[in-house]
Amino acid sequence: MKVLTALSVHILFALLVSAHGDHEDSEESAKLANAGYAIRHMASEHHIDSFDLESFFQLHDLNRDGVWDREEIEAIYGVHHVYSQKKSKDEIEHQKKADYVADTVLKLLDKDEDGKVTPEEFAAVGVSGLPSFDDIGAEGHHYDVESEFFLHHEEQFHSTPETQTDASYSHPEDIEHFAQHQAIELEEAEREAKFQGITVEEAIRAHEEPPAPPAPPVPPAESAPKPKITRGVPPEMQDPVVKYKDIGKESDSQSAWGTGEQGYKQPNSPAEKTRKNLPYKERVQYKFRRNWGDF
C-alpha cells in the first residue's frame, strides 16, 4: 500500500511562500491566497514550506493505519475546532458541515467507495486535488485557541516592536483574545475566593504585583582626600654623607681623563670629578658650578 509517486511541491511552494510570517508582503500573500488548500494549510498551520504527497498523507493519518477515514478528513479541515464551531449556528448545523466536508472529499478521492482514502487514491488526484472549504469556516485549524491566535493573528499583525505596543492591540481578534484571558482569570479568582473564604476582589489583589518601592536617595559622594605629596630633599641641601655615600663605587667605574668613552668630557657629577688625571681647573670649575646656588 505504501506505493506513492513523490510529487515534490518544493519549487511551487518556494514561489508562493518564502517564509511563514512574511504576511506584510502583499504580493506573496496574494500568491499564497491563490494556491491550493494543501499548500496554504501546510504553510499557515504547520510552517512547512516543502513537502510531498507521502509526507502530507502520513502527517494527517492520525491513527497510523495507512488510510484516511471520515474523522481524519474532518481533522484535515479543522471542522471541529472551536473557530469552526463558532461559525455554526448550532450543533445540527455544525454536524451538517462536518458531513458535507467528509462526503465531498470522499466523492473526489475515494474511487472504490469504501469510505476511506488510500495513499494511492490521494496520489491519483495530487496535492491540488483537495478542495477548500474556507467559505463555511473549515479552515484547517488544529491547535488550541492560544496557539492559533499566535499563528494566525499575532504573527500577521504584531510581528515587529512597532506593532506590539498597547495601542496596536486594537483588532477585534485582540479584544476577543484578551477578554477570554480576563474571563479565565476571573473564574480562577472566584474558585480561589471560595476556597480561601475571601472575596473575589481580595483574591485578585493577592495576585497583583505590589508597586515597586521608591529608590533610596543617593547620598552625596564624599570628596576624596587629596593625596599627600612628599618632596625629596634637593641635592644642594642633602647631607654630604648621604649625597656622596656611593661615590666610591661610582669612581671605580670612571675611566681616566682622556680615555674611554668619556674622553675629555667635562665632568658633571661628583663621580666624574674623581676621574684619574682630571686637570685641576676642571675640578675647580665643576666645584664652582655645583656650588653657585649656595651664594
Side-chain angles (χ1 to χ4, degrees), residues 20-24 29 37 40-48 59-60 62-64 69-102 132-216:
H20 182 63
D22 192 17
H23 301 284
E24 296 182 356
S29 298
Y37 172 77
R40 288 188 288 108
H41 174 74
M42 294 293 277
S44 63
E45 198 67 22
H46 296 288
H47 281 52
I48 297 177
L59 179 64
H60 296 92
L62 304 181
N63 60 7
R64 297 294 185 264
D69 55 26
R70 294 181 67 89
E71 293 182 355
E72 289 169 327
I73 293 172
E74 293 171 1
I76 292 173
Y77 291 93
V79 173
H80 299 295
H81 192 274
V82 61
Y83 284 173
S84 177
Q85 292 177 349
K86 286 183 178 180
K87 297 181 180 180
S88 300
K89 183 176 63 176
D90 51 34
E91 285 294 331
I92 296 176
E93 182 179 290
H94 184 72
Q95 187 57 51
K96 289 181 179 179
K97 177 168 64 176
D99 292 338
Y100 173 73
V101 170
S132 174
F133 300 99
D134 292 353
D135 56 335
I136 62 173
E139 300 168 339
H141 301 307
H142 293 332
Y143 305 106
D144 58 85
V145 174
E146 193 72 20
S147 299
E148 291 292 344
F149 176 81
F150 178 79
L151 286 173
H152 304 294
H153 182 79
E154 185 78 16
E155 284 190 352
Q156 182 175 359
F157 297 104
H158 306 294
S159 58
T160 62
E162 294 78 12
T163 57
Q164 292 175 351
T165 62
D166 292 341
S168 301
Y169 287 91
S170 58
H171 301 97
E173 295 85 353
D174 297 322
I175 298 174
E176 179 184 8
H177 178 74
F178 294 124
Q180 290 175 346
H181 275 266
Q182 291 177 351
I184 294 173
E185 292 171 0
L186 180 59
E187 290 178 4
E188 293 177 348
E190 290 173 348
R191 288 196 297 268
E192 182 177 347
K194 183 178 180 180
F195 179 78
Q196 297 284 352
I198 59 178
T199 65
V200 175
E201 290 74 16
E202 289 174 331
I204 293 176
R205 285 197 298 270
H207 294 281
E208 292 178 348
E209 295 184 3

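No experiment lies behind these values; they were computed from the predicted model shown.
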Self-check item: Gap between atom NE2 of His41 and atom CG of Asp134 - 0.5 Å precision
Solution: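 Answer rounded to 0.5 Å: 11.0 Å.
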Quiz item: Going through the checks in order, is the side-chain contact (heavy atoms from CB on, under 4.5 Å) test met by Leu59 and Met42?
Solution: CA-CA 10 Å; Leu59 179 64; Met42 294 293 277; 3.8 Å; yes
Practice problem: Given side-chain contact (heavy atoms from CB on, under 4.5 Å), test Phe133 with Val79 step by step and report yes or no. | Solution: CA-CA 10 Å; Phe133 300 99; Val79 173; over 6 Å; no
Quiz prompt | From Thr163 atom OG1 to His171 atom NE2, the distance as rounded to the nearest 0.5 Å | solution =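 So the OG1 of Thr163 and the NE2 of His171 are separated by 9.0 Å.
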Quiz item: Which heavy-atom pair separates Ile73 from Val101 by the least distance, and what is that distance?
Solution: CG2-O, 4.4 Å
Quiz item: Would you find more than 12 non-hydrogen atoms of other residues, nucleotides or ligands less than 6.0 Å from Gln196 atom CD?
Solution: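 Buried by this count: over 12 neighbours within 6.0 Å.
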Exercise. Write down the atom of Ser168, the atom of His158, and the distance for their closest heavy-atom approach.
Key: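 Looking at all heavy atoms of both residues, the shortest contact is O-CE1, 3.2 Å.
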Quiz item: Between Glu93 (side chain) and Lys89 (backbone), is there a donor-acceptor pair under 3.5 Å?
Solution: yes
Quiz prompt | Inter-residue atom distance His80.NE2 - Ser88.OG, 0.5 Å rounding | solution = 10.0 Å
Quiz item: Just how far is it from atom NE2 of His94 to atom CG of Asp99, taken to the nearest 0.5 Å?
Solution: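 Interatomic distance, His94 NE2 to Asp99 CG, rounded to 0.5 Å: 10.0 Å.
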Quiz prompt | Between CD on residue Gln95 and CD on residue Glu91, distance to nearest 0.5 Å | solution =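 It is 8.0 Å, given to the nearest 0.5 Å.
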Quiz prompt | Pairwise distance CG(Leu62) to CD1(Ile76) - rounded to 0.5 angstrom | solution = 8.0 Å
Exercise. On the 0 to 90° scale, with breaks at 30° and 60°, tag the His60-His46 ring pair as parallel, tilted or perpendicular.
Key: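 Rings of His60 and His46: perpendicular, as their planes differ by over 60°.
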Quiz item: Looking only at heavy atoms, what is the nearest atom pair of Lys97 and Ile136, with distance?
Solution: CD-O, 3.1 Å
Exercise. Work out which heavy atom in Ala203 is nearest to a heavy atom in Ala189; give both atom names and the distance.
Key: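 It is CB-O, 3.7 Å.
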